[in-house]
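Working notes, structure below.
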Number of protein chains: 2
Amino acid sequence: MQSSETLSTQEKIKAAAREVFIKKGYVAAKTRHIADVAGINLALLNYYFRSKEKLFHIIIMETLAELFDTFEAIIKNPETSIPDKVRLMVTAYLDTLVVQPDIPLFIINEVNRNPKLVIQDLKINERIQSEHFIQQWSVFAAKNGIPTQHFIHILVNTVSMTVFPFLAKPVLSEVFGIKDRDFVDFVIQRKQFIPTWFDVIVQSYKQKPL
Amino acid sequence: MQSSETLSTQEKIKAAAREVFIKKGYVAAKTRHIADVAGINLALLNYYFRSKEKLFHIIIMETLAELFDTFEAIIKNPETSIPDKVRLMVTAYLDTLVVQPDIPLFIINEVNRNPKLVIQDLKINERIQSEHFIQQWSVFAAKNGIPTQHFIHILVNTVSMTVFPFLAKPVLSEVFGIKDRDFVDFVIQRKQFIPTWFDVIVQSYKQKPL
DNA sequence: AAATTTTTTAATCATTTGTTTAATTTTTTT
DNA sequence: AAAAAAATTAAACAAATGATTAAAAAATTT
């Protein structure tokens, strides 16, 4: 076990690569910058990881894996209701993103740059398609009068409301004067609000179907 | 007046630059690629626009200006109610984005890369702060029991639900099998749904305040 | 038609950037 | 301690890239 001051060279490079790639994106990230941040000689990057591309692949895969681990654990839990799962999901992701606010733009950029990446190397389809969750949603939807095709809309709404503020952060900052500290408060408020809005949208189907 | 086949060299460069910058982003866009798409000699790009940076600045400013023209026109219209404005806004932007789906990621990337750009060169603050709109929202919020601080949340929700699907398009495509044609249908459905969800969220404040 | 200006082109420059090489230092094994 | 292996470094390479230059071609003005 190593202390945080005595990371191995490999670990220093990975930590620096994670920081730089997530902040700048693949194209704008430069190997010399990563080497500087890691405090190592440039050649060591290729010595340990062969190429920028290969190093990047490791970083984005680890980042995506962490996010999907959370997702998978929550939707596959047989103990929680659908609204519980939404609340857990929103809370988990907002807690993560508050301390790593650059992750959404990073992921979205790289998935757009290479869409096959997601489905090929990670086997997301298998991981997302949980029998339990599909079944649970069907029951929930039926009980609330929600048409099957609306699953994707409601899912997109929830993810949108959770993730989009991090993409729009500079706009909120410059146009609405929401500085870093205010932004954290703003996001913390949404941990409560978003699950409520989810409920409100769901309830609306019972009252008057769209 | 020139026909579309006989654009001036300047116009050909701008059209190509718009296409390439929006598709690739500033860093990944290469001047030689822009020149190729425009069908002109590379040196002409610098002859007419001095530098890649200056050309880019023109493109992003024009793109932002178009989007804000729409926004300004809608919120400053004294004839329409708040729900009307939401509906008009959602419809206008979804219609635009269906034919130019790469714009959201382009804007978000470049605003994140240089946040000052938005507030400095465009004077967005002045344009957004409409006395009429602020007044109208105050009345609307009071009538529906919406706390003042929730304005920003509800605005962010509406924009999130409208814009985010275009950022997540490859995920929807690869993970949920929503191909190009399906995506257009999906977005068209949301032209109706999002204003309804806005109403639903607003209504929820009357019934039981958060 | 001649002169002048504008536009276009091919070639080149200077810098950046990902990667490699060969030598040196450090660590591990014998 | 000697030998072998692993890690590190400085230097350099090759390709890509934004920009410039000087000459040629085209258009405009005189």
Side-chain angles (χ1 to χ4, degrees), chain A residues 1-63 106 109-110 113-114 117 121, chain B residues 1-63 106 109-110 113-114 117 121:
Chain A
M1 195 66 107
Q2 314 209 31
S3 82
S4 62
E5 282 85 9
T6 59
L7 291 173
S8 72
T9 301
Q10 270 202 58
E11 287 167 333
K12 281 193 285 187
I13 295 172
K14 271 184 65 175
R18 184 180 202 91
E19 180 186 329
V20 174
F21 277 136
I22 289 179
K23 189 97 171 189
K24 303 268 200 174
Y26 179 78
V27 186
K30 306 301 172 188
T31 54
R32 278 170 180 77
H33 185 206
I34 295 173
D36 285 350
V37 172
I40 53 99
N41 186 286
L42 172 60
L44 289 177
L45 192 150
N46 292 78
Y47 179 75
Y48 283 106
F49 296 97
R50 306 284 303 277
S51 71
K52 176 187 178 185
E53 177 67 38
K54 291 214 171 61
L55 174 56
F56 173 78
H57 196 257
I58 292 171
I59 300 299
I60 188 152
M61 282 306 153
E62 284 187 3
T63 307
F106 171 66
N109 266 316
E110 303 312 330
R113 209 168 56 86
N114 185 2
L117 192 99
D121 297 22
Chain B
M1 193 66 106
Q2 315 212 27
S3 81
S4 61
E5 282 84 10
T6 60
L7 292 172
S8 74
T9 302
Q10 270 203 60
E11 287 166 333
K12 282 192 284 186
I13 296 172
K14 271 183 65 175
R18 186 182 200 88
E19 179 185 330
V20 174
F21 277 136
I22 290 179
K23 189 97 170 187
K24 303 267 200 175
Y26 178 78
V27 186
K30 305 301 172 187
T31 54
R32 278 169 180 77
H33 185 206
I34 295 173
D36 284 351
V37 172
I40 53 100
N41 187 287
L42 172 60
L44 289 178
L45 192 148
N46 292 80
Y47 177 75
Y48 282 107
F49 296 97
R50 305 285 303 278
S51 71
K52 176 187 178 184
E53 177 67 38
K54 291 216 171 61
L55 174 57
F56 172 79
H57 196 257
I58 292 170
I59 300 299
I60 188 152
M61 282 308 154
E62 285 188 4
T63 308
F106 172 66
N109 265 316
E110 302 312 330
R113 210 168 56 86
N114 186 1
L117 190 99
D121 296 21

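Each chain gets a letter, A, B and so on, in the order the sequences are listed, and its residues count up from 1. Given the structure is predicted, the values throughout are model-derived calculations rather than measurements.
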Are A:L45 and A:R32 close enough that some pair of their side-chain heavy atoms sits under 4.5 Å apart?
-> no

How is A:F49 classified with respect to the nucleic acid when contacts are heavy atoms under 4.0 Å: base, sugar-phosphate, or nothing?
-> nothing

Taking C-beta and beyond as the side chain, do A:K14 and A:Y48 meet within less than 4.5 Å on heavy atoms?
-> no

Rounded to whole angstrom units, what separation is found between the NZ atom of A:K12 and the P atom of D:dA7?
-> 13 Å

Return no unless some side-chain N or O of B:T9 is found under 4.0 Å from OP1 or OP2 of C:dT8.
-> yes

To the nearest Å, give me how far apart NZ (A:K54) and P (C:dG18) are.
-> 15 Å

Taking the six-membered ring of A:Y26, is the NZ or CZ of A:K52 close enough (under 6.0 Å from the centre) and on axis enough (within 45°)?
-> yes

Can you tell if the side chain of A:K30 reaches within under 4.5 Å of the side chain of A:V20, non-hydrogen atoms only?
-> no

B:R113/B:E110 under salt bridge (charged side-chain N to carboxylate O under 4.0 Å, His left out): CA gap, chis, key distance, verdict | CA-CA 5 Å; B:R113 210 168 56 86; B:E110 302 312 330; 2.5 Å; yes

Side-chain touch A:Y47/A:N41, heavy atoms, less than 4.5 angstrom | no

Between protein and nucleotides 9-27 of chain D, map the contacts as a letter string: B base, S sugar-phosphate only, - none, heavy atoms under 4.0 Å, written 5' to 3'.
-> BB-B----BBBBB------

